[in-house]
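See below for the structure under consideration.
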Amino acid sequence: MNPKFAEVVVDVHARDVDRPFDYRIPPELAARVGVGTRLIVPFGNRRVEGYVVGLSDEADVEAEKLKEILDVLDEQPPLTEELVQLSEWMSHQYLSGKAAAVQALLPAGMRAKTAVRLRLADKRGPEAAQSGGNEKSRFFEKKQELLRLLSGNSPVYKEQLLKERPDLKTVVQRLIQDGRVIESHEITQAVQTRYVTVADCPLSENDFVQAIEQIPARAFKQKEVLQWIRQNGPTAVRDVLRATQTTYAVIRALSNKGWIRLEQVEERRDPYADRFSSELEKPLVLTEEQTNAFDSIVESMRSGKACQILLQGVTGSGKTEIYLQSIAACTKQGKQAIVLVPEIALTPQMVERFKLRFGDAVAVLHSGLSQGERYDEWKRIRRGEVSIAVGARSAVFAPFEQIGLIVIDEEHELSYKQEDQPKYHAREVAWQRALHHSATLLLGSATPSLESRYAADRGEARHIVLASRFNKNALPQVQIIDMREELKAANRSMFSRELQRLIYDRLQKKEQTILFLNRRGHSTFILCRSCGYVARCPNCDISLTYHESGQFEMLRCHYCGHSESSVTLCPSCSSPHIRNFGTGTQRVEQELNKLFPNARVIRMDVDTTGKKGSHEQLLQKFREGQADILLGTQMIAKGLDFPRVSLVGAVSADTSLHLPDFRSAERTFQLLTQVAGRAGRHDTEGRVLIQTYQPEHYAIQSAAKQDYEDFYRQEIKIRQMLGNPPLCKQIVFTAQHEKKETAERWIRNLEKELCGSLRSPHADVLPACPAPLSKLQGKYRYHLTLKCSDYSKVQPVLSAIYPVYAKRMKEEAGLLTVDVNAQIIL
DNA sequence: TATGAAAGGCAG
DNA sequence: TGCCTTTCATAT
């Protein structure tokens with residue numbers, strides 16, 4: 001017997017309805033309804049999309065409340081049972097809504113909307129003025145207008161119409177009542193399956209020969225086309241036309257005679273069609289070190305247990321080749337593999353490596369694709385047409401059914417954390433999936449996150465280290481420059497004497513230089529030296545950054561986009577001694593132009609890479625040697641390979657060290673190590689200079705030595721001392737409100753409540769305080785941080801308390817959010 | 001979140 | 001009274 005009821009999570013984002021609802025399954029849909037089915041259900045007085053999360057034979061509501069499923073949306077349920085469970089785990093883990101958790105797993109653009117379409121009951125259209133025409137002339141006119149609108153060819157939707165013409169509301173209602181206008185519900189979805197017309201010749205050999213003979217001599221095109229189709233088999237009509245240089249008329253004629261059959265066939269939008277040769281590349285020969293790593297991975301995949309492996313190897317140690325061969329081993333076992341790559345690294349070159357090795361067995365998912373392409377790639381995964389999915393964060397949800405391996409490359413990258421609800425971390429989700437599939441989770445990085453490295457320490461992950469560089473090049477020579485000494489030596493430039501000398505030297509030798517500075521704009525702030533005034537953003541609690549764009553001198557806020565023109569007199573005391581301080585990329589560029597007028601400089605930051613694809617373009621330009629110096633923010637740290645670079649300079653290594661975030665040392669170390677890795681990747685000997693005012697800091701010292709272990713030992717000690725992650729889980733609540741007092745009041749209320757309910761030794765509620773960014777876009781922000789060693793004990797309390805407070809705060813036009821395992825604390 | 005019904009406000 | 005806006009409850 002089929003189950004009678006479906007438990008459905010509806011696409012309505014409100015706390016009150018964030019639970020499954022029971023619906024009757026009509027017999028004619030029974031075959032298509034299962035866990036994971038996406039459907040349309042009546043909800044209140046509208047129709048909404050819903051997701052089946054369970055089936056049952058009993059409904060726990062009164063019979064008169066029960067309603068019936070209206071329609072099933074997809075041929076194949078978009079979610080597997082595992083993914084439905086995963087969405088439940090996510091909404092639980094990250095305290096997000098159930099509907100939001102389900103939607104995070106589905107490709108963007110799949111979400112259906114229902115709209116009410118208005119139609120005329122008959123084709124009469126507007127009427128001539130009636131004899132008793134002065135009944136209510138305004139009403140009559142509106143009625144005529146509506147009828148005219150509806151008798152046109154373009155569809156009219158109720159919601160849209162009433163938004164544009166609220167005055168027609170009464171008339172619409174009246175005509176619906178009278179039965180002259182009918183409402184019909186339509187389902188629309190951003191992505192649609194695309195179809196093409198395919199022509200095929202269904203004739204038997206005999207009939208075909210006869211047909212050819214029958215064709216009169218002047219219909220030579222028909223003959224040609226028919227023969228072509230016969231020879232080439234079923235082909236899209238558009239391709240037939242192109243190949244035979246004809247028009248649709250010929251196809252129609254052949255079709256009318258019944259000699260060819262036309263059929264609508266689903267078409268795949270292939271983002272990489274014809275981009276790569278069909279010839280697959282052979283695996284490379286592994287070094288001994290790589291072979292050992294590979295063997296361990298294969299062994300763990302064979303073990304039939306979920307395993308976590310941390311593969312630590314410097315840039316150029318050949319991690320990617322290990323991934324590729326492990327994936328091959330995985331698919332050979334009949335299982336599927338997911339590869340996650342940071343969004344910014346998902347370049348055509350990266351995709352190419354996978355496509356060259358595995359061809360059409362790879363589906364690629366990333367934000368550069370159109371929604372349609374993404375949807376089609378996703379469908380290939382869901383249908384089991386591919387066995388490998390490569391993509392950014394959200395590819396972790398690839399709907400495979402037998403996963404053997406999940407690879408997360410550059411696992412320490414921040415982009416694996418989703419910043420809006422549900423605020424999941426791909427690494428955590430991946431592990432959850434690995435547990436379900438008894439799969440291997442392979443984390444790769446040159447500078448692992450403290451979380452992953454610590455997991456290895458505790459024996460939760462196997463730790464494999466690749467010590468040598470694949471191409472046997474020595475690591476670049478790194479030198480720390482103490483900028484305090486420069487100042488003492490009366491060098492007030494942002495470039496140390498050594499850096500200037502080396503840049504000059506590289507220019508002479510026609511070698512390339514990369515300069516890294518983690519701050520865009522021209523200067524970081526402007527300050528009046530008479531009264532101490534600093535220009536601040538009116539919406540955010542942050543100083544404004546000075547930018548020069550053309551002739552305009554602007555002050556900009558990097559958080560909300562506010563901009564105003566700069567000043568020459570202090571607005572506070574009218575003193576002329578107001579000027580800019582601090583260094584941004586723009587200023588470095590100017591200084592470079594002054595010091596090295598002949599050097600060609602490319603600047604890369606948010607301001608110069610605004611347009612889509614310009615990022616890739618600038619890197620390409622540099623790679624091709626069209627510039628001598630590449631200057632940029634952290635986005636240049638991840639460019640792939642620059643053979644001609646022999647000098648890398650971190651202009652101001654301290655900038656990221658002073659952020660009010662316990663991970664700032666980790667970030668700084670990772671960045672500097674990564675940047676240093678850009679130098680001397682080939683035969684040129686690389687030099688790296690790190691300029692700093694804090695040369696003794698362990699993050700800088702370890703980065704200079706390129707010694708991860710050294711950094712890890714010191715950092716983990718500090719984390720242990722302060723009880724910070726990875727030794728605990730950190731949960732950050734943020735209250736935001738236009739009024740400072742309201743935000744503060746709510747965070748205090750929450751603090752009191754949590755302190756009262758969480759007395760256990762598992763949790764530690766830190767005092768509520770203003771967020772480091774205490775005002776953002778006009779909203780005051782307060783933080784409440786919770787540290788706990790055992791989240792499972794804390795979670796039930798939070799899921800009971802948090803929604804209540806979030807709702808109350810919303811009622812006061814505020815916002816209360818929660819971030820479990822927050823990665824950036826600002 | 002989105003809806004309709006109820007309640008309240010105001011012009012005529 | 002009719003027509004508008006605001007408020008409120010509610011969803012299987």
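Here is the naming used below: chain letters follow the sequence lines, and residue numbers restart at 1 for every chain. These numbers come from the heavy atoms of this one structure, side chains and all, not from hydrogens, waters or symmetry mates.
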Check DNA chain C against residues 55-69 of chain A and give the residues with a non-hydrogen atom under 4.0 Å, in numerical order. A:V61, A:K65, A:L66, A:K67
By side chain to side chain contact (heavy atoms under 4.5 Å, CB included), which residues pair with A:D18, not counting sequence neighbours? A:K98
Of the residues in residues 31-50 of chain A, which ones touch DNA chain B at a heavy-atom distance under 4.0 Å? A:N45, A:R46
Quick one: do A:R427 and A:E411 make a salt bridge, cutoff under 4.0 Å? yes
Spell out, as yes or no, whether a donor-acceptor pair under 3.5 Å connects the side chain of A:E751 to the backbone of A:A768. yes
A:P271: what forms a side chain to side chain contact (heavy atoms under 4.5 Å, CB included) with it, not counting sequence neighbours? A:L369, A:E373, A:E377
According to the interplanar angle, ranging from 0 to 90°, do the rings of A:F43 and A:F21 count as parallel (below 30°), tilted (30 to 60°) or perpendicular (above 60°)? perpendicular
Whole angstroms only, please: what is the OH-C1' distance between A:Y51 and C:dT12? 17 Å
Taking atom P of C:dT10 as reference, at what distance in whole Å does atom CZ of A:R19 sit? 12 Å
What residue pairs, at least two apart or across chains, pass ring pair (Phe, Tyr, Trp, His ring centres under 6.0 Å) with a residue in residues 81-104 of chain A? A:W89-A:Y94
A:R268 side chain to A:D376 main-chain N or O, any donor-acceptor pair under 3.5 Å? no
Basic-acidic side-chain contact under 4.0 Å: A:R383, A:E385: yes
A:H13 and A:Q103: CA distance, side-chain angles, deciding distance, side chain to side chain donor-acceptor pair (under 3.5 Å) verdict: CA-CA 11 Å; A:H13 295 246; A:Q103 278 155 0; 3.1 Å; yes
For A:D16 and C:dC8, give me the distance from atom CG to atom P, rounded to whole Å. 15 Å
Figure out the CZ/C1' separation between A:F21 and C:dT12, and round it to whole Å. 6 Å
Please state how far atom CG in A:D18 lies from atom C1' in C:dT10, giving the value in whole angstrom units. 16 Å
Would you indicate what A:K810 reaches in the nucleic acid, counting non-hydrogen atoms under 4.0 angstrom: base, sugar-phosphate, or nothing? sugar-phosphate
Per the under-4.0 Å heavy-atom filter, residues of residues 89-114 of chain A near DNA chain B come out as none
Taking A:R47 first and then A:E183, would you say they form a salt bridge - that is, a charged N and a carboxylate O separated by under 4.0 Å? no
Is A:R663 salt-bridged to A:E451, going by a charged N under 4.0 Å from an acidic O? yes
In this structure, how many angstroms lie between the C1' atom of C:dT12 and the CG atom of A:L70, rounded? 12 Å
Whole angstrom value for the distance that separates P of C:dA9 from CZ of A:R15: 20 Å
